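Okay, so here's the structure we're looking at.
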Amino acid sequence: MEVKIEESWKKALGKEFDEEYFEKLAEFVKAEYKQATVYPLARFIFRAFELTPFDKVKVVILGQDPYHGPNQANGLAFAVREGVALPPSLININKEIKADLGEPTKNKNGDLEAWARQGVLLLNATLTVRAGVAGSHQNKGWEKFTDAVVRVLSQQKENLVFILWGNYAQKKVLRQAQDKLIDEKKHLVIRSAHPSPLSAYNGFFGSKPFSQTNAYLILNDKGMVEW
């Protein structure tokens, strides 16, 4: 099956797109876009991969679902389309950037494309969602695909930073010892509470993920991220 995804990712993921689960997933997603309002826009489904080619990845921030409100989702985890009001989680992320680094984020809006172009893969576990129905495209195959993304990054690259906010992200990739998707001997894994207002005060604020990330990247000659 022909999937329009950035070429270096197509090569890295090998035959993943020919697997039976992915073919069923593609059929499901196509049908959903025909019969319902689905986010993000179809051309943005693989936007994280387009903006952050496999060879350029140095940080992975793992989200769960795309936003399911009108005009929010743009294909990047935690980001929203330019001109859209910032969601609470992103407001809290920006607060932590300022507290952690001593200056506000360089981003003037919530799009986060600037992060992606610096090598920050903003990866949702599920890449599509029905309008107004959170979690509606979970357990259809996206999670298996994004597991493969994390696994190939861990296996084929060294000295990446994986930022895991909240239990969902941590459980997805840090399973039993024999089934972990990330080799923590090769990469830095930063864990904390989720930036959502429901949990931000339980360990997200004060966790300093941005300075930790830059210190590790500089140590490994990868160049810091301008947050």
Side-chain angles (χ1 to χ4, degrees), residues 3-14 16-17 22 40 43-67 73-81 89-90 93 96-97 105-107 110-129 142-166 168-174 180-184 186-192 194-195 209-210 212-214 216-218 220-227:
V3 174
K4 294 181 179 178
I5 191 171
E6 195 274 336
E7 202 58 38
S8 68
W9 279 106
K10 185 173 286 189
K11 181 179 179 182
L13 290 166
E16 203 70 28
F17 304 106
F22 195 90
R43 68 177 184 271
F44 288 158
I45 293 174
F46 293 113
R47 185 167 178 244
F49 302 88
E50 296 297 328
L51 294 175
T52 314
F54 180 80
D55 300 334
K56 302 293 185 184
V57 176
K58 53 188 182 183
V59 181
V60 180
I61 299 179
L62 188 62
Q64 188 168 353
D65 271 6
Y67 295 117
N74 71 352
L76 305 179
F78 293 99
V80 289
R81 297 178 70 180
S89 289
L90 189 50
I93 289 169
E96 180 61 17
I97 289 173
T105 178
K106 304 290 194 302
N107 285 290
D111 180 76
L112 303 186
E113 179 176 334
W115 292 7
R117 291 193 181 279
Q118 293 179 77
V120 181
L121 181 67
L122 294 159
L123 180 67
N124 276 319
T126 303
L127 300 188
T128 55
V129 67
W142 278 130
E143 294 90 344
K144 187 170 182 177
F145 173 73
T146 52
D147 279 0
V149 171
V150 174
R151 185 182 292 108
V152 75
L153 283 167
S154 177
Q155 290 175 347
Q156 296 190 21
K157 298 177 79 72
E158 293 185 357
N159 305 129
L160 299 182
V161 180
F162 291 88
I163 300 177
L164 309 178
W165 288 327
Y168 180 89
Q170 292 163 31
K171 287 178 180 178
K172 176 178 174 66
V173 298
L174 301 178
K180 286 185 178 180
L181 299 184
I182 301 171
D183 183 348
E184 294 188 74
K186 292 171 59 182
H187 308 287
L188 174 64
V189 177
I190 297 174
R191 310 167 180 79
S192 79
H194 195 277
F210 308 103
Q212 286 187 68
T213 294
N214 279 346
Y216 183 82
L217 293 175
I218 291 168
N220 289 284
D221 299 318
K222 289 182 176 285
M224 62 185 287
V225 174
E226 284 199 357
W227 300 104

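Below, all heavy atoms of this structure are taken into account, side chains as well, without hydrogens, waters or symmetry copies. All figures in this text were calculated on a predicted structure; none of them were measured in a lab.
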side-chain contact (heavy atoms from CB on, under 4.5 Å) between W115 and E226: does it pass, once the steps are laid out? CA-CA 7 Å; W115 292 7; E226 284 199 357; over 6 Å; no
Could you walk me through whether Q156 and F54 pass side-chain contact (heavy atoms from CB on, under 4.5 Å), step by step? CA-CA 10 Å; Q156 296 190 21; F54 180 80; 3.7 Å; yes
Steps toward side-chain contact (heavy atoms from CB on, under 4.5 Å) verdict (W227, N214): CA-CA 10 Å; W227 300 104; N214 279 346; 3.5 Å; yes
Intermediate values then yes/no, side-chain contact (heavy atoms from CB on, under 4.5 Å), V161 and I190: CA-CA 7 Å; V161 180; I190 297 174; 3.8 Å; yes
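Expressed to the nearest 0.5 Å, how far CZ of F22 lies from CD of E16 amounts to 8.5 Å. Atom CD1 of I93 and atom CG of L112 lie 7.5 Å apart (nearest 0.5 Å). Separating the CD atom in Q170 from the CD1 atom in I182 is a distance of 10.0 Å, to the nearest 0.5 Å. Atom OG1 of residue T213 and atom CZ of residue F162 lie 11.5 Å apart, to the nearest 0.5 angstrom. For the atom pair CG of L127 and CH2 of W142, the computed distance is 4.5 Å after rounding to the nearest 0.5 Å. Note that CG of N220 and NE2 of H187 are 11.0 Å apart. Values are rounded to the nearest 0.5 Å.
Residues V149 and L121 meet the side-chain proximity criterion, which asks for heavy atoms closer than 4.5 Å. Between V59 and L217 the shortest side-chain heavy-atom distance falls below 4.5 Å. Here the side chains of E96 and F210 are in contact, with some heavy-atom distance below 4.5 Å.
Using modelled atom types, one side-chain atom of N74 and one backbone atom of L76 make a donor-acceptor pair closer than 3.5 Å. Under the 3.5 Å distance criterion, the side-chain polar atoms of S154 are matched with a main-chain donor or acceptor of D183. Side chain of S192 to main chain of W165: no donor-acceptor pair is present (N/O by atom type, distance under 3.5 Å, no hydrogens or angles). Not a single donor-acceptor pair under 3.5 Å links the side chain of K58 to the backbone N or O of V120. A donor-acceptor contact shorter than 3.5 Å is absent between the side chain of K56 and the backbone of L51. Under the 3.5 Å distance criterion, the side-chain polar atoms of T126 are left unmatched by any main-chain donor or acceptor of T128. A donor-acceptor pair under 3.5 Å is absent between the side-chain atoms of Q118 and the main chain of V225, judged by distance alone.
Partners of E6 under the side chain to side chain contact (heavy atoms under 4.5 Å, CB included) rule, at least two apart in sequence or in another chain, are S8, W9, E50, P53.
Residue L122 comes nearest to A48 through the heavy atom pair O-CB, 3.6 Å, listed as atom of the first residue, atom of the second, then distance. Among all heavy-atom pairs drawn from K222 and N159, the shortest one is CE-O, 3.0 Å. Taking both residues in full, the closest heavy atoms of K157 and V57 are given as CE-O, 3.1 Å, listed atom of the first, atom of the second, then distance. Nearest heavy-atom pair, A12 versus V152, reported as atom, atom and distance to 0.1 Å: O-CG2, 3.4 Å. Heavy atoms only, all atoms of each residue included: I61 and A77 are closest at O-CB, 4.3 Å.
At a threshold of 4.0 Å, the pair R191-E184 counts as salt-bridged, since one of the basic side-chain nitrogens sits closer than that to a carboxylate oxygen. Between D147 and K172 there is a salt bridge, since a side-chain N of the basic residue sits under 4.0 Å from a carboxylate O of the acidic one. Salt bridge present: E113 and R47 bring a charged side-chain N and a carboxylate O closer than 4.0 Å.
Remark: K10 fails to qualify as a cation-pi partner of F49 under the 6.0 Å distance and 45° angle criteria applied to the six-membered ring.
Taking the ring centroids of F78 and H194, they lie under the 6.0 Å cut-off. A centroid separation of less than 6.0 Å is found between the aromatic rings of F17 and F145.
A donor-acceptor contact closer than 3.5 angstrom is absent between the side chains of D65 and N124.
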